[in-house]
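This report concerns only the one structure given below.
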Amino acid sequence: MEKIDKLDKKILSILSKSARIPFKDVAAECGVSRAAIHQRVERLKEAGVITGSSFDINPKSLGYNTCTYIGINLERGSMYRKVVEHLVNIPEIVECHYTTGSYTMLIKVYVKDNEQLMDLLNNQLQGIPGVVSTETLISLEQSIKRGLPINEEEEDV
C-alpha cells in the first residue's frame with residue numbers, strides 16, 4: 001500500500017469516532033471534495049487499513065449479562081488451529097487470541113448467566129481435544145472501550 005498521509009489519518013480519525021458520518025461532513029472537516037473522501041476511503045478499504053464498519057450492540061440488551069475472559073492451555077501450541085476450528089462453532093465466543101504468557105489462547109465470551117458459563121466450560125471447551133485447562137476471569141465492569149488513537153501530526157507511515 002501507499003503511505004498513509006495526514007489526510008488519510010484525519011479521515012481515519014473522523015471515521016473512527018463515527019463510521020456513520022456522511023462523506024460530505026468528512027469532506028467539509030478535511031477541506032476537500034466528497035469525491036476525494038470517497039476515493040480515499042475506498043483505497044484504505046482495498047489496502048486493508050479499514051476492515052469494516054459495524055454497529056456496536058450492547059450485549060446486555062440481548063440478555064448476555066456476563067462478559068468473561070477465558071485463558072486456555074493446550075497440550076501443544078501447535079494444536080492452536082485445530083482448537084480454533086472447534087471454537088468458531090461456539091457463538092458466545094466473540095474474540096480468540098493466540099498468546100504468549102500464562103495461556104496458549106485467550107478468548108472473550110458473553111454468556112447470559114453462570115449456568116450457561118458452566119455449560120460452556122464443562123461441556124464445550126474442556127471437551128475439545130488438546131485443551132488441558134482453562135482459567136475464567138469474569139469482567140465486573142468495562143471501564144474503557146475505544147479505538148486506537150490516530151495522531152494526524154505523526155510522520156507518514
Side-chain angles (χ1 to χ4, degrees), residues 1-72 80-117 119-121 124-125 128 134-157:
M1 163 168 187
E2 302 169 25
K3 286 187 173 186
I4 297 175
D5 63 17
K6 287 183 181 181
L7 178 57
D8 290 331
K9 288 181 184 177
K10 184 165 186 112
I11 293 166
L12 291 169
S13 178
I14 294 166
L15 292 177
S16 70
K17 292 178 184 104
S18 174
R20 298 182 66 197
I21 188 170
F23 281 178
K24 69 178 179 55
D25 294 348
V26 177
E29 194 168 331
C30 292
V32 298
S33 70
R34 186 169 61 188
I37 298 299
H38 180 74
Q39 290 171 348
R40 292 274 185 139
V41 168
E42 287 304 311
R43 184 177 54 82
L44 291 167
K45 285 180 182 177
E46 289 171 10
V49 175
I50 296 175
T51 58
S53 61
S54 62
F55 293 99
D56 285 338
I57 298 169
N58 180 349
K60 289 184 179 184
S61 68
L62 299 174
Y64 292 92
N65 296 306
T66 304
C67 175
T68 306
Y69 294 87
I70 301 172
I72 301 173
Y80 171 73
R81 297 221 183 276
K82 281 287 188 199
V83 171
V84 169
E85 290 175 13
H86 292 274
L87 298 179
V88 76
N89 295 313
I90 302 172
E92 293 84 4
I93 298 174
V94 297
E95 290 183 26
C96 176
H97 303 269
Y98 186 38
T99 62
T100 63
S102 300
Y103 312 111
T104 312
M105 305 171 74
L106 186 67
I107 60 174
K108 182 177 181 181
V109 175
Y110 283 101
V111 292
K112 294 185 177 190
D113 53 32
N114 287 347
E115 187 177 329
Q116 185 183 17
L117 176 59
D119 178 69
L120 189 137
L121 289 167
Q124 295 179 67
L125 291 180
I128 296 172
T134 61
E135 183 174 350
T136 304
L137 305 149
I138 295 176
S139 172
L140 300 175
E141 176 181 299
Q142 179 179 327
S143 304
I144 299 172
K145 180 180 180 178
R146 60 178 167 216
L148 289 172
I150 299 169
N151 187 342
E152 300 163 33
E153 302 306 315
E154 286 182 349
E155 293 293 316
D156 295 348
V157 280

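Bear in mind the structure is a predicted one, so any value in this text is a computation, not a measurement.
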side-chain hydrogen bond (donor to acceptor under 3.5 Å, both in side chains) partners for Thr134, two or more places apart: Gln126
By side-chain hydrogen bond (donor to acceptor under 3.5 Å, both in side chains) - contacts of Asp119 (at least two apart): Asn123, Gln124
Check against side-chain contact (heavy atoms from CB on, under 4.5 Å), Ile90 and Val109: CA-CA 9 Å; Ile90 302 172; Val109 175; over 6 Å; no
For Glu115, all residues meeting salt bridge (charged side-chain N to carboxylate O under 4.0 Å, His left out), sequence neighbours excluded: none
Residue list, salt bridge (charged side-chain N to carboxylate O under 4.0 Å, His left out) with Lys108, at least two apart or on another chain: none
Nearest atoms (heavy-atom pairs only) where Thr51 meets Gly48: CG2-O, 3.4 Å
Heavy-atom closest pair, residues Ser143 and Glu141: OG-OE2, 3.5 Å
Carboxylate-amine/guanidinium proximity below 4.0 Å for Asp8 and Lys3: no
With sequence neighbours excluded, residues passing side-chain contact (heavy atoms from CB on, under 4.5 Å) with [X]:
X: Ala28; answer: none
X: Glu42; answer: His38, Lys45
X: Asn65; answer: Lys60
X: Ser33; answer: Ala35, Ala36

Do [X] and [Y] make a side-chain contact, defined as non-hydrogen atoms from C-beta onward lying under 4.5 Å apart?
X: Val41; Y: Phe23; value: yes
X: Ile70; Y: Leu106; value: no
X: Val26; Y: Val32; value: no
X: Leu87; Y: Leu125; value: yes

Point-to-point distance, once rounded to the nearest 0.5 Å, from [atom1] of [X] to [atom2] of [Y]:
X: Lys6; Y: Ile11; atom1: NZ; atom2: CD1; value: 14.5 Å
X: Glu85; Y: Lys82; atom1: CD; atom2: NZ; value: 4.5 Å
X: Thr68; Y: Leu120; atom1: OG1; atom2: CG; value: 8.5 Å
X: Ile138; Y: Leu117; atom1: CD1; atom2: CG; value: 5.5 Å
X: Tyr80; Y: Ile72; atom1: OH; atom2: CD1; value: 10.0 Å

With a 3.5 Å cut-off and sequence neighbours excluded, list the donor-acceptor pairs that the side chains of residues 92-103 form with protein atoms.
| residue | atom | partner | partner atom | Å |
| --- | --- | --- | --- | --- |
| Glu92 | OE2 | Gln116 | NE2 | 2.9 |
| Glu95 | OE1 | His97 | NE2 | 2.9 |
| Tyr98 | OH | Gly77 | O | 3.3 |
| Thr99 | OG1 | Tyr103 | O | 2.7 |
| Thr99 | OG1 | Thr104 | O | 3.4 |
| Tyr103 | OH | Glu135 | OE1 | 2.8 |

Main-chain N/O of Asn58 paired with Ser61 side-chain donor or acceptor, under 3.5 Å: yes
Of Lys10, Arg43, Arg40, the residue whose pairing with Asp5 passes salt bridge (charged side-chain N to carboxylate O under 4.0 Å, His left out): Arg40
Atom CD1 of Ile57: over 12 foreign heavy atoms under 6.0 Å: no
side-chain hydrogen bond (donor to acceptor under 3.5 Å, both in side chains) contacts touching residues 14-24 (sequence neighbours left out): Ser13-Lys17
